[in-house]
Amino acid sequence: MLKEHVLSFMKILYIANARIPTEKAHGVNIMHMCQAFSDLGHEVVLLIPDRIQKKEQDPWDFHGVRRNFSIVRVPVFDAISRNWLFGYWVVQWCFSFMVLFFSRSYKRNSVVYTRDEVSGWLLRLLRYRVFYDMHGFPENKKWFWKISMKSMLGITATNHWKMHQTCEQFGISMNRMLYAPNGFDPEMFSVRDSEASIRKELNLSFEKKIVLYSGQFYDWKGVCVLAEAAKYLPKTLFVFVGGSEPELSNFTKKYGLCNNICVFPRKPHKEVARFLHIADVLVLPNSALSKNSRFAVYSQYDTSPIKMFEYMASGKPIVSSNLPSITEILNEKNAVLVEPDHPEELFLGIERVLKCVKESAELAKQALEDVSQYSWNRRAAKVAGFMGSAIKKS
């Protein structure tokens, strides 16, 4: 048992206003944290809205986690899927009030861990023991966030920037917050197939070096910067895996016909490690720019990319944008860092990894050592210890 885990048993009610299963990264965090809490001996119930799914899929199988926790779907009117104006807020308040009803049977001796500030605040009004998991600092409605966050027994944040913003703008002491970056699942990386067999299965060249990106294709992810960098390495294969519509179609139309670019649609998360296994270089090209200024800030300061930890756990060398959100974890000893939004700089970083084999192997080895502290189970143990200590003090 990890030393951070100070409570032997808790009933954890995890509340997430999210569509599950989902191809988005937050689904990975939610499902793996529930599994990790349960692995530590806690009884876990995940409360989510019963939203319309395009295709009914088993959430445990989709996200590659064990069935060691329960999922309760709360009925809501899914105005988002029906494209209603203000659909998000219809679902938000519908879910929040229904949570009050469904959570009654869990109130006794339970702890609430949530990513939903509205539900969390309402439950605190009813004297539930609520902890908030902060994955994004608010751009607007900060007056409500201040009220909501001040009511929480504690806050976990995925990077230091959010903690400082919460302290400065909401007046919440650092003692009431816990630094808890995202993580990875070590079990994903026991890939048995050889690189050659996977390349054959995917119809990829055996001779060419592979530069790989996995994840969404949003503009702030920097995928177009990486595609432009591919022009400088025509004999190297650039593989892009992931994306959702319409970004995937737009990217494929623009770059799909390039001779050295290969695009794969999104794969189940549990299969990502097989793609990372065939790469010679993994790239995290996050941008400091976006059509939406909120996402430019998010990329630079706010995010804690799950793919970053998975890249590190793959044992392959990493080339990454040099941004504050990234350099909390990556540094010059475990990755090659380059100036964001410059294809030429990104090309030079990739070329350095491909040419300097010994140096690249050392970087990958260091990244693999560094990432060991960021497993989901370690995060869950750290969070459980934090919650236990706060409850004892309250």
Side-chain angles (χ1 to χ4, degrees), residues 16-32 48-65 78-84 87-88 91-92 115 135-136 158 182 184-185 188 202 212-228 230 238-258 261-276 279 282-287 289-299 302-311 321 325:
N17 183 12
R19 175 175 55 85
I20 298 289
T22 176
E23 69 282 359
K24 304 293 180 65
H26 61 254
V28 176
N29 172 280
I30 292 167
M31 295 294 285
H32 279 85
I48 57 174
D50 190 9
R51 289 185 52 194
I52 298 170
Q53 295 279 1
K54 293 180 180 179
K55 181 181 179 182
E56 288 298 325
Q57 293 176 291
D58 182 271
W60 292 275
D61 182 63
F62 183 92
H63 288 286
V65 299
D78 194 356
I80 296 176
S81 297
R82 291 176 170 84
N83 295 316
W84 275 33
Y88 170 81
V91 172
Q92 173 66 80
R115 297 168 60 109
H135 287 264
T158 55
N182 274 316
F184 76 104
D185 179 7
M188 278 182 57
L202 299 174
L212 189 138
Y213 168 88
S214 71
Q216 294 289 353
F217 289 9
Y218 307 135
D219 64 347
W220 60 273
K221 295 288 189 177
V223 287
C224 290
V225 180
L226 180 56
E228 292 296 328
F238 284 70
V239 176
F240 294 79
V241 187
S244 301
E245 298 299 345
E247 292 82 10
L248 175 60
S249 293
N250 293 338
F251 181 87
T252 303
K253 288 177 183 176
K254 188 172 183 179
Y255 297 107
L257 295 179
C258 297
I261 289 180
C262 184
V263 182
F264 289 89
R266 189 196 62 79
K267 302 294 180 181
H269 184 251
K270 59 187 178 182
E271 294 182 19
V272 169
R274 298 182 78 249
F275 279 87
L276 304 186
L282 296 171
V283 183
L284 191 66
N286 273 44
S287 174
L289 307 171
S290 174
K291 294 177 182 177
N292 185 329
S293 59
R294 170 67 186 97
F295 290 115
V297 173
Y298 186 78
S299 181
D302 207 335
T303 186
S304 175
I306 293 174
K307 73 162 66 65
M308 173 173 62
F309 300 101
E310 293 176 345
Y311 281 7
S321 295
S325 60

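In this structure, the side chain to side chain donor-acceptor pair (under 3.5 Å) partners of R51, at least two apart in sequence or on a different chain, are D78. Applying the ring pair (Phe, Tyr, Trp, His ring centres under 6.0 Å) criterion to F184, with sequence neighbours excluded, gives no partner residue. Take S325 and apply the side-chain contact (heavy atoms from CB on, under 4.5 Å) test, not counting sequence neighbours, and it matches T303, L323. The side chain to side chain donor-acceptor pair (under 3.5 Å) test applied to S321 returns no partner, not counting sequence neighbours. Residues satisfying the side chain to side chain donor-acceptor pair (under 3.5 Å) criterion with Y218, sequence neighbours excluded, are absent altogether. Residues passing the salt bridge (Lys or Arg N to Asp or Glu O under 4.0 Å) test with E228, sequence neighbours excluded: K231. Taking the side-chain contact (heavy atoms from CB on, under 4.5 Å) definition, one finds that L289 meets it with S287, D341, sequence neighbours left out. With sequence neighbours excluded, the residues forming a side-chain contact (heavy atoms from CB on, under 4.5 Å) with P268 are K270, E271, listed by chain and number. Residues meeting the side chain to side chain donor-acceptor pair (under 3.5 Å) test with D219, sequence neighbours left out: S290. Under the rule for a salt bridge (Lys or Arg N to Asp or Glu O under 4.0 Å), D50 has no partner lying at least two apart in sequence or in another chain. Residues forming a ring pair (Phe, Tyr, Trp, His ring centres under 6.0 Å) with F240 (at least two apart in sequence, or on another chain): F251.
The OG atom of S214 sits 8.0 Å away from atom NE2 of H269, with the distance rounded to the nearest 0.5 Å. The distance from atom CZ of R274 to atom NZ of K267, rounded to the nearest 0.5 Å, is 10.0 Å. The line from CG of L212 to CG of L226 is 9.0 Å long, rounded to the nearest 0.5 Å. Rounding to the nearest 0.5 angstrom, the gap separating the NE2 atom in H63 from the CG atom in N29 is 11.0 Å.
For the pair V241/V272, no side-chain contact is recorded, criterion being any heavy-atom separation below 4.5 Å from C-beta on. L248 is listed as a side-chain neighbour of V263, based on a closest heavy-atom distance under 4.5 Å. W220 has its side chain out of reach of N292: every pair of non-hydrogen atoms, C-beta onward, lies at least 4.5 Å apart. The shortest distance between side-chain heavy atoms of L202 and F264 falls below 4.5 Å. With contacts defined as side-chain heavy-atom distances shorter than 4.5 Å, the pair H26/R115 qualifies.
Sorted by first and then second residue, the salt bridge (Lys or Arg N to Asp or Glu O under 4.0 Å) pairs with a member in residues 20-32 read R19-E23; sequence neighbours excluded.
With hydrogens and angles ignored, the 3.5 Å screen pairs no side-chain donor or acceptor of Y213 with any backbone N or O of F238. No donor-acceptor pair closer than 3.5 Å links the side chain of E310 to the backbone N or O of A273. With H32 contributing its side chain and V28 its backbone, the two residues share a donor-acceptor pair below 3.5 Å. A distance-only check finds no donor-acceptor pair linking the side chain of S249 to the backbone of E245 [under 3.5 Å].
The shortest heavy-atom contact between H135 and D302 is O-OD1, 3.8 Å. Residues I48 and A18 approach most closely at CB-O, 3.9 Å, considering heavy atoms. For the residue pair Y311 and L276, the shortest heavy atom distance occurs at CE1-CD2, 3.8 Å. Here the closest non-hydrogen pair linking L284 and M308 is CD2-CB, 3.9 Å. Nearest heavy-atom pair across F309 and S304 is CE1-OG, 3.6 Å. Here the closest non-hydrogen pair linking K307 and G215 is CE-CA, 4.0 Å.
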